[in-house]
J.: 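Attaching a single structure in structure tokens format; questions to follow.
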Amino acid sequence: MAKEKKPDNIHAEHRKRLRKEFLANGFNGKDDYAVLELLLFYAIPQKNVNPLAHALIDHFDSLDKVFNATHRQLMEVEGVGFNTAVLLQMIPAVAARYLAANNKLGERLITSWQFREVLSPLFIGQRNELVYLMCMDSRNKELTTKKLGEGIADSVQITTRKVLEVALDCNATRVVLAHNHVSGVALWSDADLNTTLRLKRLLREAGIELVDHCIFANDDMVSMADSGVLRD
């Protein structure tokens, strides 16, 4: 008796079509569910993932909130396994690396807009407050950008020491301080301003200019230099 031929995977053509559409047009015209469904193909290769894509968007309200969810929060959604949660968490991390590499302007960094282009990828998808220092030479070219710490600084002294160490180590003559507010409000606090003004004075004594302090929150950024608070 001849063996019965197994039916083709009913989802194979659907997946093939979505991939071809992406290659031709990217995500133009696609809703968040379709974007997430295509991504989930690569975590769950043998199952209809459309219901899971809808469940994730419905649970977290939007695509960006899906990507910013923690591993534990993602796995609370029925159908999300360990590997799927890891893949979803990788998206903002990969995007940040890509943007950071793509934003190497290769030119003099002078304006707050340029600072934003270089520094904003460092804060994509971050749930904790981070502090970075971008160091430049006398021609306003970036030498290095290093993370000074994570969380709210415990004291001005610790922040000052780290800033000086990083700046002096690469012979920087100009630096830009940057940190994010996870509250979603890109405004500095009195403590932020007091710390910045003290750093500006101490760096000047070492022959280093504090050009700006940029505060990031979501897609927003506020420049202390542009706001006029760093003027002597």
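Excluded from the calculations below are hydrogen atoms, water molecules and symmetry mates; all remaining heavy atoms, backbone and side chain alike, are included. These numbers come from a predicted model, not from an experiment.
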J.: Among T160, I208, L177, which one satisfies side-chain contact (heavy atoms from CB on, under 4.5 Å) with L203?
T.: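 Going through the options one by one, the only one that passes is I208.
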J.: Looking at residues at least two apart in the chain, or sitting in another chain, which of them share a side chain to side chain contact (heavy atoms under 4.5 Å, CB included) with V166?
T.: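 V166: side chain to side chain contact (heavy atoms under 4.5 Å, CB included) contacts with L133, C135, K146, L148.
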J.: Do E129 and N180 have a side chain donor and acceptor closer than 3.5 Å?
T.: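 Note: E129 and N180 side chains miss the donor-acceptor criterion.
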J.: Who pairs with N218 by side chain to side chain contact (heavy atoms under 4.5 Å, CB included), at least two apart in sequence or on another chain?
T.: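 Listed in chain order: nothing, the list is empty.
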J.: Would you say D31's side chain and A34's backbone share a donor-acceptor pair under 3.5 angstrom?
T.: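 Looks like yes, one N/O pair under 3.5 Å.
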J.: Are the side chains of R174 and L143 in contact, using a 4.5 Å heavy-atom criterion?
T.: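 No. Closest side-chain heavy atoms not under 4.5 Å.
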J.: Just jot down the ring-ring contact (aromatic ring centres under 6.0 Å, His included) partners of H54, sequence neighbours excluded, or say none.
T.: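 Applying ring-ring contact (aromatic ring centres under 6.0 Å, His included) to H54 gives Y33.
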J.: Who pairs with H213 by ring-ring contact (aromatic ring centres under 6.0 Å, His included), at least two apart in sequence or on another chain?
T.: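 In terms of ring-ring contact (aromatic ring centres under 6.0 Å, His included), with neighbours along the sequence ignored, H213 is linked to H179.
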J.: CG/N48 to NE2/H14 distance, rounded to the nearest 0.5 angstrom?
T.: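 If I round to the nearest 0.5 Å, the distance is 6.5 Å.
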J.: N194 side chain to D190 main-chain N or O, any donor-acceptor pair under 3.5 Å?
T.: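 Pair found, side chain donor or acceptor close to backbone of D190.
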J.: Specify the closest pair of heavy atoms between L130 and E150, including all atoms of both residues, with the distance to one decimal.
T.: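 Nearest heavy atoms, L130 then E150: CD2-CG, 3.3 Å.
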J.: Going hydrophobic residue to hydrophobic residue with side-chain gaps under 4.5 angstrom, can you get from V182 over to L187?
T.: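 No; L187 is not reachable from V182 via cluster members.
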J.: Could you list the donor-acceptor pairs under 3.5 angstrom formed by side chains in residues 74-88, with sequence neighbours left out?
T.:
from, atom 1, to, atom 2, distance (Å)
E76, OE2, R72, NH1, 2.6

J.: Side chains of V49 and R15: closer than 4.5 Å at any heavy-atom pair?
T.: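 Side chain of V49 against side chain of R15, heavy atoms only: contact under 4.5 Å found.
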J.: With sequence neighbours excluded, what pairs up with N171 under the side chain to side chain contact (heavy atoms under 4.5 Å, CB included) test?
T.: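 Checked N171 against side chain to side chain contact (heavy atoms under 4.5 Å, CB included); zero matches.
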J.: Is the backbone N or O of T173 less than 3.5 Å from a side-chain atom of D137, with the two atoms forming a donor-acceptor pair by type?
T.: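 No.
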J.: Sequence neighbours excluded, which residues qualify as side chain to side chain contact (heavy atoms under 4.5 Å, CB included) partners of S227?
T.: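 S227: side chain to side chain contact (heavy atoms under 4.5 Å, CB included) contacts with W188, V222.
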J.: Would you name the heavy atoms of A43 and P45 that are closest together and state the gap between them?
T.: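 The answer is O-CD, 3.6 Å.
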J.: Where the side chain of D58 meets the backbone of A55, is there a donor-acceptor pair that is under 3.5 Å apart?
T.: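 No; zero donor-acceptor contacts below 3.5 Å.
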J.: Nearest heavy-atom pair of P92 and Q89: which atoms, and what distance?
T.: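 Scanning both residues, the minimum pair turns out to be CD-O, 3.4 Å.
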J.: Would M224 and T196 satisfy side-chain contact (heavy atoms from CB on, under 4.5 Å), going step by step from the backbone distance to the final call?
T.: CA-CA 9 Å; M224 284 192 178; T196 304; 3.7 Å; yes
J.: So which pairs with a foot in residues 217-230 pass salt bridge (charged side-chain N to carboxylate O under 4.0 Å, His left out), sequence neighbours left out?
T.: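 The answer is none; no pair qualifies.
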J.: Check whether any side-chain heavy atom of K47 lies under 4.5 Å from a side-chain heavy atom of L52, and answer yes or no.
T.: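 Contact flag for K47/L52 side chains = no.
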J.: Would you call E205 and R201 a salt bridge, using N to O less than 4.0 angstrom?
T.: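 Looking at R201 together with E205, the answer is no, because their closest N to O distance does not fall below 4.0 Å.
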J.: Hey, quick one: are L199 and L168 part of the same hydrophobic cluster, counting side-chain heavy atoms closer than 4.5 Å, chains of contacts allowed?
T.: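 Yes, one cluster joins them.
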J.: Could you tell me whether the side chains of T145 and E142 share a donor-acceptor contact shorter than 3.5 Å?
T.: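 On atom types as modelled, these side chains qualify, holding a pair under 3.5 Å.
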J.: Measure the NZ-NE2 distance between K65 and H59 for me, rounded to the nearest 0.5 Å.
T.: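 So the NZ of K65 and the NE2 of H59 are separated by 11.5 Å.
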J.: Run the salt bridge (Lys or Arg N to Asp or Glu O under 4.0 Å) test against K30 and tell me which residues pass, sequence neighbours left out.
T.: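 Listed in chain order: E21.
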J.: Between atom CG of L193 and atom CD1 of I215, what is the distance when rounded to the nearest 0.5 Å?
T.: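 If I round to the nearest 0.5 Å, the distance is 9.0 Å.
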J.: Indicate the atoms forming the closest heavy-atom contact of A225 with L230, along with that distance.
T.: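 So the two residues come closest at N-CD1, 4.0 Å.
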J.: How long is the span from the CG atom in L119 to the CZ atom in R116, to the nearest 0.5 Å?
T.: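 L119 CG to R116 CZ: 11.0 Å, rounded to 0.5 Å.
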J.: Which residues pass the ring-ring contact (aromatic ring centres under 6.0 Å, His included) test with Y42, sequence neighbours left out?
T.: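 Counting only residues at least two positions away or on another chain, Y42 forms no ring-ring contact (aromatic ring centres under 6.0 Å, His included).
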J.: Please assess L202 against R198 for the test side-chain contact (heavy atoms from CB on, under 4.5 Å), listing each intermediate value before the final yes or no.
T.: CA-CA 6 Å; L202 293 173; R198 177 166 181 171; 4.0 Å; yes
J.: Does any non-hydrogen side-chain atom of V131 lie less than 4.5 Å from one of K147?
T.: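 A side-chain contact is absent here, since even the closest heavy-atom pair is not under 4.5 Å.
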J.: Would you confirm whether N25, through its side chain, and F22, through its main-chain N or O, come within 3.5 Å as a donor-acceptor pair?
T.: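 No; judged by distance alone, with no hydrogens or angles, the pair does not exist.
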J.: Taking ring-ring contact (aromatic ring centres under 6.0 Å, His included) as the definition, give me every residue that meets it alongside F216, ordered by chain and number, with sequence neighbours left out.
T.: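 F216: ring-ring contact (aromatic ring centres under 6.0 Å, His included) contacts with F123.
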J.: Check whether any side-chain heavy atom of V176 lies under 4.5 Å from a side-chain heavy atom of M136, and answer yes or no.
T.: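 Contact flag for V176/M136 side chains = yes.
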J.: Answer whether the closest heavy-atom distance between the side chains of N68 and F60 falls below 4.5 Å.
T.: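 Answer no - side chains too far apart.
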J.: State which residues pass salt bridge (Lys or Arg N to Asp or Glu O under 4.0 Å) with D64; sequence neighbours excluded, sorted by chain then number.
T.: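 Not a single residue meets the salt bridge (Lys or Arg N to Asp or Glu O under 4.0 Å) criterion with D64.
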J.: Within the 4.5 Å heavy-atom criterion, are L39 and V35 side-chain neighbours or not?
T.: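 Sidechains of V35 and L39: no contact.
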